[in-house]
Amino acid sequence: MLLREIARGLKVGMVLQLAVGPVFAFVLNVALVADVPAFLGAVLGVTLVDAFYIGLASLGVSRFLEGAGRKRALNMLSAAVLMFFGLYILYGAREVWLSGESGLQTLTGMTGIRPFLYAVALTVSSPLTIVFWTGVFAGYSTEAGEGRRAFAAGCVLATFLFLASTGIFARYFAGLLSPAAIAMLNALAGLVLLCYGAKKALQSLQR
């Protein structure tokens, strides 16, 4: 029964991962410019925060995030973080482009524990994710207790497997490209984050 619920959570989580967002863009950026430990650190950071949010969602704590004012404030905070990381990545891409060197992780600051911390900060900046996962748990009812926890574990596993596998593919692809081409992809990831942040900020202001 537990294995069935884990497989069910894995299947649901994988489908939901296909709706890629800013966190996915950031992890791909790390995969392109950082070494393997730093990249896996970023994936682990996202997975841990996702596990925390999924755990809160399974407990039904989304009601604490209700209220237009609270949601607007959280959205604005998330938008600010997204735009910060977008500008940060764009600056790193500019440095890589101007230098023409291959030490990409040094030029972009994606070394050591930084990718892990950046991934945690970026993922945790969207606490309304709890509301999203609460809807998932409501739509895919599971048995109480161990069955519910097994389903949640499958969802968390989906996050790690999806990001790790796509990142590994991106690293292989990056090995075929010049530093200038990687800088362009880096800039694209930064623009994606910047646009996500600007869109979220505008939506919050309009509401």
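Side chains included, hydrogens not; waters and symmetry mates left out as well; all remaining heavy atoms used.
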Check step by step if side chain to side chain contact (heavy atoms under 4.5 Å, CB included) holds for Val49 and Tyr53. CA-CA 6 Å; Val49 178; Tyr53 280 166; 3.9 Å; yes
Stepwise side chain to side chain contact (heavy atoms under 4.5 Å, CB included) check, Val33 with Phe39: CA-CA 9 Å; Val33 302; Phe39 158 66; over 6 Å; no
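Here the CZ atom belonging to Phe151 is positioned 12.5 Å from the CZ atom belonging to Arg4, to the nearest 0.5 angstrom. Taking SG of Cys155 as the reference point, atom CD of Glu5 lies at 10.0 Å (rounded to 0.5 Å). The distance from the CD1 atom of Ile54 to the OG1 atom of Thr47 is 9.0 Å, given to the nearest 0.5 Å. Taken to the nearest 0.5 Å, the CG atom of Leu10 stands 10.0 Å off from the OG1 atom of Thr159.
A donor-acceptor pair is defined here as one N or O able to donate and one able to accept, closer than 3.5 Å; no such pair exists between the side chain of Arg171 and the backbone of Thr166. Proximity of a side-chain donor or acceptor of Tyr118 to a complementary backbone N or O of Val30 within less than 3.5 Å is not detected.
By the 4.5 Å heavy-atom criterion applied to side chains, Leu87 and Leu193 are not counted as neighbours. Residues Val156 and Phe160 fail the side-chain proximity criterion, which asks for heavy atoms closer than 4.5 Å. For the pair Thr123 and Phe26, the minimum side-chain heavy-atom distance is 4.5 Å or more. Put simply, the side chain of Leu82 does not reach to within 4.5 Å of the side chain of Leu194, judged on heavy atoms. Between Ile6 and Arg149 the shortest side-chain heavy-atom distance does not fall below 4.5 Å. Side-chain contact between Leu16 and Trp133 is present, with heavy atoms from C-beta onward closer than 4.5 Å. Side chains of Val36 and Leu40 form a contact here, defined as non-hydrogen atoms less than 4.5 Å apart. Using a 4.5 Å cut-off on side-chain heavy atoms (C-beta onward), Leu48 and Phe116 make contact.
Taking the six-membered ring for Trp and thresholds of 30 and 60 degrees, Phe24 and Phe162 have ring planes inclined between 30 and 60 degrees apart. Taking the six-membered ring where the residue is Trp, Phe84 and Tyr88 present parallel rings, their angle staying beneath 30° rather than reaching 60°.
Considering every non-hydrogen atom in both Val124 and Ala121, the closest pair reads CG1-O, 3.4 Å. Closest non-hydrogen pair, Ala79 versus Gly197, comes out as CB-O, 3.2 Å. Here the closest non-hydrogen pair linking Ala119 and Ala42 is CB-O, 3.3 Å. Between Ala170 and Leu28 the shortest heavy-atom distance is CB-CD2, 3.8 Å. The nearest pair of heavy atoms linking Ala38 to Pro115 is O-CB, 3.4 Å. Of all non-hydrogen atoms in Met83 and Ala201, the two that sit nearest each other are CE-CB, 4.5 Å.
By the rule that hydrophobic residues join a cluster once side-chain heavy atoms approach within less than 4.5 Å of another member, Ile168 and Leu157 end up as members of one cluster. Linking ILVMFWY residues whenever their side-chain heavy atoms come closer than 4.5 Å, directly or via other members, leaves Val23 and Leu188 in distinct clusters.
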